[in-house]
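Here is the naming used below: chain letters follow the sequence lines, and residue numbers restart at 1 for every chain. Treat the numbers as computed from the prediction; the structure is a model and nothing was measured.
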There are 2 protein chains.
Amino acid sequence: MTNVASEKVFEETAESCGLIRDVLALIGEKWSVIVLDQLRDGPLRFNELRRAAAPVTQRMLSGSLRGLERDGLITRTVYPTVPPKVEYELTEAGRALNSLVYGVAGWADRYLPTVTASRTSYQETR
Amino acid sequence: MTNVASEKVFEETAESCGLIRDVLALIGEKWSVIVLDQLRDGPLRFNELRRAAAPVTQRMLSGSLRGLERDGLITRTVYPTVPPKVEYELTEAGRALNSLVYGVAGWADRYLPTVTASRTSYQETR
DNA sequence: CTGGATCCATGTTGATACTG
DNA sequence: CAGTATCAACATGGATCCAG
C-alpha cells in the first residue's frame, strides 16, 4: 500500500498504514483466527491446537503460530522435558485483537441475512 | 473451515462460521479495505477509486468491487450516459463493516510499538 | 511430541492488450 | 470511461517424509 492519496483510516502514522495491511493479511491467513480463538481460554500445546483447529495441517499450524509469535500476538514457551512440551498463549495484544475479531463475528451474525440474500440475487442476476 | 471442534466465536450458527471466513477473506483481499475506506465520504466513480487507491490495477479493483458488490457491501449504479458513468457507494452493511475495520486501525495504532518490537527481536533471535 | 524440509497442485496477482 | 481477456510470475495450501 503505497501512495494512497487522501488517507482517512490510515492517517494516523505512515507506519500503521503498512501495519494494518500486515495484520489483516495475518488474520486473513487461513488458520490464524481459529488459533487465536482456540487460545482464548488459556494456553494450549501444539497438538491440542492441532486437534482443536482440525483439519489444519502441521505445516500450516506451524506457519500460523510462527506468524502470530513473530507479531507478538502469542507467546511460545518450551518446556525442556522429554517428550518436549510447547505451550502457546495469547499476549495482551493478541487478546485485544481477538476481541476485534469477535466484532467481526458479531457483524457476520447481524448481517448474515443481508449478505446471503445479496449473494443469491447476484448469482441469479449475473 | 470445516470440522472445527469446539467452537466459541463461531458457535452462533453453522452458516456464520463459513461466512466469517469469507468476510475475512474478502477484507483480506489486497484492496477491499482501501476501497471501503475511500467510499466512506460518499460515492465514487471507478476511475476516482482507481486514483484514490493507487497503485491498484484495473483488474484488481474490478475484482474487489465485484466481490464487495456480491456481498452487499457496496452498490453499483450505472448512469447510461456517454461516456458511461458508474458510481459505487457503501451500503449499511458496508458502513458497519467499515467501522469494524477502524477498530483494527485503532488496534494497530495502539499496538504498533509492541508489534514492531516483537518483529525486531524475532528477527534477531532466529 | 514438535516441528522442519520438500514436492506438487492450485489460486492469486500483475502487466498488458483489447472492447463497448 | 469502465471494464474484460489472456498469460506469466508468484504465493499459498496440502501431503508426505524426516529429525531432535
Without decimals, in angstroms, what is the distance between [X] [atom1] and [N] [atom2]?
| X | N | atom1 | atom2 | value |
| --- | --- | --- | --- | --- |
| Leu26(A) | dT12(D) | CG | P | 11 Å |
| Leu49(A) | dC1(C) | CG | P | 14 Å |
| Leu44(B) | dC1(D) | CG | C1' | 15 Å |
| Glu87(A) | dG3(C) | CD | P | 12 Å |
| Arg59(B) | dA5(D) | CZ | P | 11 Å |

Would you mind telling me which of [options] lies closest to the side-chain atoms of [X]?
| X | options | result |
| --- | --- | --- |
| Asn47(A) | dT2(C), dT6(D), dG3(D) | dT2(C) |
| Pro83(B) | dT2(C), dA2(D), dC1(D) | dC1(D) |
| Gln58(B) | dC17(D), dC1(C), dT4(D) | dT4(D) |

Contact class for [X] (heavy atom, under 4.0 Å): base, sugar-phosphate, or nothing?
| X | result |
| --- | --- |
| Arg45(B) | sugar-phosphate |
| Arg50(A) | nothing |
| Tyr88(A) | sugar-phosphate |

Run the numbers on Tyr102(B) and Asp37(B) for side-chain contact (heavy atoms from CB on, under 4.5 Å), then give the verdict. CA-CA 9 Å; Tyr102(B) 279 77; Asp37(B) 181 45; 2.7 Å; yes
Between Leu61(A) and Phe46(A), the two heavy atoms sitting closest are CD2-O, 3.7 Å
Taking Glu69(A) for the side chain and Arg66(A) for the main chain, is one N or O donor matched with an acceptor at less than 3.5 Å?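 Not a single qualifying donor-acceptor pair exists.
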Rounded to the nearest 0.5 Å, how far does CG of Leu68(A) lie from CG of Leu26(A)?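 The CG atom of Leu68(A) is 5.0 Å from CG of Leu26(A), to the nearest 0.5 Å.
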